[in-house]
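Hydrogens, waters and symmetry mates play no part in the numbers below; they use all other heavy atoms, side chains included. Given the structure is predicted, the values throughout are model-derived calculations rather than measurements. Chain A is the first sequence line, chain B the second, and so forth, proteins listed ahead of strands; every chain is numbered from 1.
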Number of protein chains: 2
Amino acid sequence: MRKLKDARRPEILDATLEIVAERGLDAISMRSVAQRLGLTPMALYGYFRSKEELLDAVLGRLLTEVPLPPEGAPWREVLTHLAYGMRAVAQRHPTVLPLVLTRPGISPGALRLIDRIYQALLTAGVPPGEVPRLERSLSTFVIGHVLSEVSGRFSLGTLDPSARRAQLPPEELPGHDALAAVLDGPVDSEAEFRANLDDVFVMVESRVAR
Amino acid sequence: MRKLKDARRPEILDATLEIVAERGLDAISMRSVAQRLGLTPMALYGYFRSKEELLDAVLGRLLTEVPLPPEGAPWREVLTHLAYGMRAVAQRHPTVLPLVLTRPGISPGALRLIDRIYQALLTAGVPPGEVPRLERSLSTFVIGHVLSEVSGRFSLGTLDPSARRAQLPPEELPGHDALAAVLDGPVDSEAEFRANLDDVFVMVESRVAR
DNA sequence: ACCTGAACACCGTTCAAGT
DNA sequence: ACCTGAACACCGTTCAAGT
């Protein structure tokens, strides 16, 4: 297992993020990244052992861009700050995001964020034994929302709401039927994010020792 | 836009799921699927317009495998049933799962599941205006959890908990420090899933008109 | 109606060699 | 110490043709 160089790693990550921004996650290839740097694909293998490792490093870098909340802020503010920070990063780099949910958060950047959440939950009064689970749960929630928003799970897809419902006979979809009045409006995803955050607070409070 | 055949579509989806099960999501290629069926890659283009469309159909098929809860069951039971059903499907087909969070749920199978959740939330007493958002939120939560579980975000990765913490000086990680006693145990993901479901119920109840 | 064959423009990665 | 060149075993997709 040869030792890796690291002098030009940041430069390589920059190039990768530029490509993602311009042409999407699928446009990342060892060849395209190398080309942008004026290198041969093989030169990258001096810095990363594989494409997978390069992508993990990109993820680590991304989490580094989430601004840390002010020290000693109240827990609700900390969680709000981090959630919006995560969302902003997601919107800047929409296409890299699937990585966040599919790789363990073990980079220093990830650790720093997790630590702030731990602190917030502890000061909120959540019993220590519940804190790690609740952190995973909140993070899943925020990342899941942001990923869905950014990757189109919340979007209409190729069918508008009523055409979508028409795929099945109405008697198979009584719930959709009862909600018809409410379903055809557009989703206000800012309001939805805010409402979801409120739900997160409810979850935290329900775990606070009384 | 030529019309697509559909006679052999189910057969093609079966072959695709077999490959995923044996060799992972990355092993799906038009060539590997075709080969398993004794066809030329090009034959598949008679049934699906692209690899992307094939993958969407695989996702639709997957959601079809989630068993529907008994008609008229109490809302908590409905949500529990669907959540565990989703989780079981995820465990049977771990590698396809990233698709679920990144493509809009517009297949008939997805609609049927969503409709059951709508009904459950309505009978729980959630105001209709809140139902679609809460459905998206609950689904995100369950899928996010299940995806994290199955794809390794909750797992240790290549570093054990204490080695992971050692990447940063302890004074940068006061939260981890305070939780040291609790952090080194293994995650009981069954218990965690259960606890998360309880949190989901809390969320629903907090939205019920009183 | 359904499928094949050949071709095009790509991939990640290995190995041995160059400066 | 850092990088290149050539090669290997792959991709998705287009187009024209075969039965």
Side-chain angles (χ1 to χ4, degrees), chain A residues 1-61 95-96 98-99 102-103 151-152 158, chain B residues 1-61 95-96 98-99 102-103 151-152 158:
Chain A
M1 200 130 146
R2 277 192 57 264
K3 257 216 94 195
L4 296 173
K5 296 162 255 175
D6 44 41
R8 302 184 67 182
R9 283 172 68 115
E11 199 183 332
I12 297 172
L13 298 181
D14 283 340
T16 310
L17 283 170
E18 282 166 33
I19 293 171
V20 178
E22 289 164 17
R23 303 191 279 126
L25 196 60
D26 290 348
I28 297 184
S29 72
M30 298 306 263
R31 290 166 142 93
S32 63
V33 173
Q35 194 186 29
R36 178 167 293 246
L37 293 163
L39 292 174
T40 293
M42 278 318 299
L44 301 178
Y45 286 85
Y47 299 89
F48 303 95
R49 245 176 294 270
S50 64
K51 185 186 180 186
E52 229 200 331
E53 221 177 88
L54 169 60
L55 290 175
D56 276 353
V58 168
L59 169 58
R61 158 71 163 266
T95 41
V96 209
L99 289 178
T102 53
R103 317 275 328 163
S151 70
T158 40
Chain B
M1 201 129 145
R2 276 192 57 264
K3 258 218 92 195
L4 296 173
K5 297 162 254 176
D6 45 40
R8 302 184 66 183
R9 283 172 67 114
E11 198 185 331
I12 297 172
L13 297 181
D14 283 339
T16 310
L17 283 170
E18 282 166 34
I19 293 171
V20 177
E22 289 165 17
R23 304 191 280 127
L25 196 61
D26 289 348
I28 298 184
S29 71
M30 297 307 263
R31 290 166 143 93
S32 63
V33 172
Q35 194 187 32
R36 179 167 290 245
L37 294 163
L39 293 173
T40 294
M42 278 317 299
L44 301 178
Y45 286 86
Y47 299 89
F48 303 95
R49 246 176 292 270
S50 65
K51 186 186 180 186
E52 230 200 331
E53 221 177 88
L54 169 60
L55 290 176
D56 275 352
V58 169
L59 168 58
R61 159 72 161 267
T95 41
V96 210
L99 290 178
T102 53
R103 317 275 329 163
S151 71
T158 41

Roughly, in whole Å, what's the span from [atom1] in [X] to [atom2] in [N]?
X: A:Phe48; N: C:dG12; atom1: CZ; atom2: P; answer: 14 Å
X: A:Arg8; N: D:dA1; atom1: CZ; atom2: P; answer: 17 Å
X: B:Leu44; N: D:dT14; atom1: CG; atom2: C1'; answer: 15 Å
X: B:Ile12; N: C:dC2; atom1: CD1; atom2: P; answer: 11 Å
X: B:Leu37; N: C:dT4; atom1: CG; atom2: P; answer: 11 Å
X: A:Gln35; N: D:dC3; atom1: CD; atom2: P; answer: 17 Å
X: B:Leu55; N: D:dG12; atom1: CG; atom2: C1'; answer: 12 Å
X: A:Asp6; N: D:dC2; atom1: CG; atom2: P; answer: 9 Å

Do the side-chain N or O atoms of B:Arg49 get closer than 4.0 angstrom to the phosphate oxygens (OP1, OP2) of D:dT13? no
When you measure from the side-chain N and O atoms of A:Tyr45 to the phosphate of C:dT14, is any distance below 4.0 Å, counting only OP1 and OP2? no
Of the residues in residues 23-34 of chain A, which ones touch DNA chain C at a heavy-atom distance under 4.0 Å? A:Ile28, A:Ser29, A:Met30, A:Arg31
side-chain contact (heavy atoms from CB on, under 4.5 Å) for B:Asp14 and B:Arg61? Distances and angles first, verdict last. CA-CA 9 Å; B:Asp14 283 339; B:Arg61 159 72 161 267; 2.3 Å; yes
Measuring from the side chain of A:Met42 (C-beta onward, heavy atoms only), which nucleotide among D:dT14, D:dG5, C:dC3 has the closest atom? D:dG5
Selected nucleotide, minimal atom distance to A:Lys51 side chain, candidates D:dT4, C:dG12, D:dC2: C:dG12
Could you give the distance from [atom1] ([X]) to [atom2] ([Y]), rounded to the nearest 0.5 Å?
X: B:Leu17; Y: B:Ile12; atom1: CG; atom2: CD1; answer: 12.5 Å
X: B:Leu37; Y: B:Glu18; atom1: CG; atom2: CD; answer: 8.5 Å
X: B:Asp6; Y: B:Phe48; atom1: CG; atom2: CZ; answer: 9.5 Å
X: B:Leu55; Y: B:Leu13; atom1: CG; atom2: CG; answer: 10.0 Å

Pick base, sugar-phosphate or nothing for A:Tyr47, based on heavy-atom distances below 4.0 Å to the nucleic acid. sugar-phosphate
Take A:Leu44 and A:Lys51, measure what side-chain contact (heavy atoms from CB on, under 4.5 Å) needs, and give me the verdict at the end. CA-CA 9 Å; A:Leu44 301 178; A:Lys51 185 186 180 186; over 6 Å; no
Could you point out which residue of A:Arg9, A:Glu53, A:Glu11 forms a side-chain contact (heavy atoms from CB on, under 4.5 Å) with A:Tyr47? A:Arg9
Base-pairing string, 5' to 3', of DNA chain D - Watson-Crick or wobble, under 3.5 Å, | interstrand: ||.|||||...|||||.||
State, to 0.1 Å, how close A:Ser50 and A:Met30 come at their nearest heavy-atom pair, and which atoms those are. C-CE, 4.2 Å
Tell me whether B:Gln35 at atom CD has more than 12 heavy atoms from other residues, nucleotides or ligands lying less than 6.0 Å away. no
